[in-house]
There are 2 protein chains.
Amino acid sequence: MQERSAFLPAYYRLAEDLRAKIERGEFKPGDMIPSTAQLARQYGVSPMTVRQGLALLAKDGYIKTVQGKGSFITVPPIDTLVLRFVDNSLLGEDRNIKVKLLNLNIVAADSGVAEKLGVEIGAKIIKIKRVLSGDEGPIAVDSRFLPYLKGVPLLEKEIAYAAFPEVVARHTDVFLAKSSLEISACALSPEEAELLEVPAGSPGLLLEQIIYSNNNRAIGWSKMICRGDRLVLRATSHPR
Amino acid sequence: MQERSAFLPAYYRLAEDLRAKIERGEFKPGDMIPSTAQLARQYGVSPMTVRQGLALLAKDGYIKTVQGKGSFITVPPIDTLVLRFVDNSLLGEDRNIKVKLLNLNIVAADSGVAEKLGVEIGAKIIKIKRVLSGDEGPIAVDSRFLPYLKGVPLLEKEIAYAAFPEVVARHTDVFLAKSSLEISACALSPEEAELLEVPAGSPGLLLEQIIYSNNNRAIGWSKMICRGDRLVLRATSHPR
DNA sequence: CAGTGGTCTAGACCACCCT
DNA sequence: GGGTGGTCTAGACCACTGG
């Protein structure tokens, strides 16, 4: 029977109870927890409710359930980190980012761009170059490349000032499926250094973002070079 | 009634069906999808089964369900990226990482370490310094700091060569709850540059990892400085 | 084979939102 | 009040695992 004595749902209380046991060390990684049927009897709830509770623990990385065998304590996935990267408001901080458009034009794809976007060399590409600044001065210089689709109007203001995924979405009108980001360090070229107001050769953070459509074609490429002293990326493990 | 005609579970087929509709553009972001009761009738399944399907879509970021209102199409969370960071095998690549231990000793916490680990200035701290190399040569130099707990033996080999979360786990025997990683660029100091066999001032990637216990106390701090030309971090959005 | 998780039902009642 | 999602039942049957 259902016990509405507490304010929280039964499956939630069950999950909390098991979680506490795990954190107290009553279960060790690799241990099998009692079967769903046992837990159902133990907590006086139906099997479905037990499953709901276990699903919660599994989602948070405390256990792994294996069909036909049981549910097992796992070590927390502490080396899987989540990074939020929004290129305009760099990192969701309430930084006041100013954007300066350097140029926006249509160019022929060179071999580098062609490879990244999976188009022919010489294909028409929209190229956008911008400088992002905070209150302290310039932070990053950023180049974006999008395949040019005829018939799609170029709304200069929007395309230049919106965040990259938004730009891609607006421009191509396809379903965005995923993106990838590569992070590395580089020395700033003289041109980049001048734009960022530091000596040439200063350390910079290089962020390359590629956006893919649901049919796995690259539909946008962004290359962002940041002043090393003004940008820190922060990632945390499974923030629930 | 249950239709076992297909090989896949009903909730899964329902989710796939809705996902296809979303990707085909039949639903647009912000749109409300039919209510669970409607879907139950439509697909000839029970409400619980519909819920299970919707939970799947919600987990993958296609919809968001709101109690009392309905389920709504969301834009895919393309700017939430997942980064796997395992410090020993840098990035899960099958790189063959060699580890050289420079020193391992117990020091008094200076103000920087004390702040990071939340201990008193002067508290005993285990400090480990290492160089990580690949086949091409040195990649990173890395310093780790752990609060010293009396009675816990220092197993030099393990503590020096294991990945950081493992070291923390083995050393402290507490439940690890979460970790954070800060990524930035810096110029290499003369000492770091020498260890990494590059000129002083070369660009480097600075990775600072802090590991927290379940009671939210910092129990490990790792500071890793990488040659910019030999390390690229890769993150992808919801890798399913 | 027995034991495990995985799916599913056909309802019921609750909590919430909006009008 | 009428619609929505959220929780829950008390079973049933299926699929998988391992002895």
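Note that this is a predicted model, so its numbers are computed, not measured. Throughout, protein chains are lettered first and strands after them, A, B, ... in sequence-line order, and every chain is numbered starting at 1.
Both tests do not hold together for Lys21(A) against Phe27(A): distance to the six-membered ring centre under 6.0 Å, angle to the ring axis within 45°.
Between dT9(D), dT7(D), dT4(D), one nucleotide has an atom nearer to the side chain of Arg51(B) than all others, and that is dT7(D). Taking only side-chain atoms of Ala10(A), from C-beta outward, the nucleotide of dC8(D), dT4(D), dG5(C) with the closest atom is dC8(D). When distances are taken from the side chain of Pro47(A) to each of dG11(D), dG6(C), dC8(D), the shortest belongs to dG11(D). Among dT9(D), dT7(C), dT9(C), the nucleotide with an atom closest to any side-chain atom of Val45(A) is dT9(D). Distance from the side chain of Ser46(A) is smallest to dT9(D) among dT7(D), dT4(D), dT9(D). Considering only side-chain atoms of Thr65(B), the nucleotide from dT7(D), dA10(C), dG6(D) that sits closest is dG6(D).
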Protein-nucleotides 17-19 of chain D N/O pairs closer than 3.5 Å?
{"unit_1": "dG18(D)", "atom_1": "OP1", "unit_2": "Lys69(A)", "atom_2": "NZ", "d": "3.2"}

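The distance from atom OH of Tyr43(A) to atom C1' of dT9(D) is 19 Å, rounded to the nearest whole Å. For the pair Leu8(A) CG and dG6(D) C1', the interatomic distance rounds to 13 Å; values are reported in whole Å. For the pair Leu39(B) CG and dA10(C) P, the interatomic distance rounds to 17 Å; values are reported in whole Å. Atom pair Gln52(B):CD and dG5(D):C1' shows a separation of 16 Å (rounding to whole Å applied). Between the P atom of dG5(D) and the NZ atom of Lys64(B) lies a distance of 15 Å, rounded to the nearest Å. Residue Leu56(B) contributes atom CG, which lies 14 Å from atom P of dG6(C) at whole-angstrom precision.
Between dG3(D) and Ser35(B), no contact under 4.0 Å exists linking OP1 or OP2 to a side-chain N or O. Within the structure, a side-chain polar atom (N or O) of Tyr11(B) is placed less than 4.0 Å from OP1 or OP2 of dT7(C).
Nearest heavy-atom pair across Ser133(A) and Pro138(A) is OG-CA, 3.5 Å. Considering every non-hydrogen atom in both Ile73(A) and Lys28(A), the closest pair reads CB-O, 3.3 Å. Looking at every heavy atom in both residues, Leu233(B) comes nearest to Leu83(B) through CB-CD1, 4.1 Å.
Surrounding CD of Glu115(B) are at most 12 heavy atoms belonging to other residues, nucleotides or ligands under 6.0 Å away. Summarising the local packing, OH of Tyr12(B) is surrounded by 12 or fewer heavy atoms from other residues, nucleotides or ligands at distances under 6.0 Å.
Between Met48(B) and Ser71(A), it is Ser71(A) whose nearest contact on DNA chain C lies nearer the 5' terminus.
Taking the side chain as every heavy atom from C-beta outward, Leu231(B) and Leu207(B) approach each other to under 4.5 Å.
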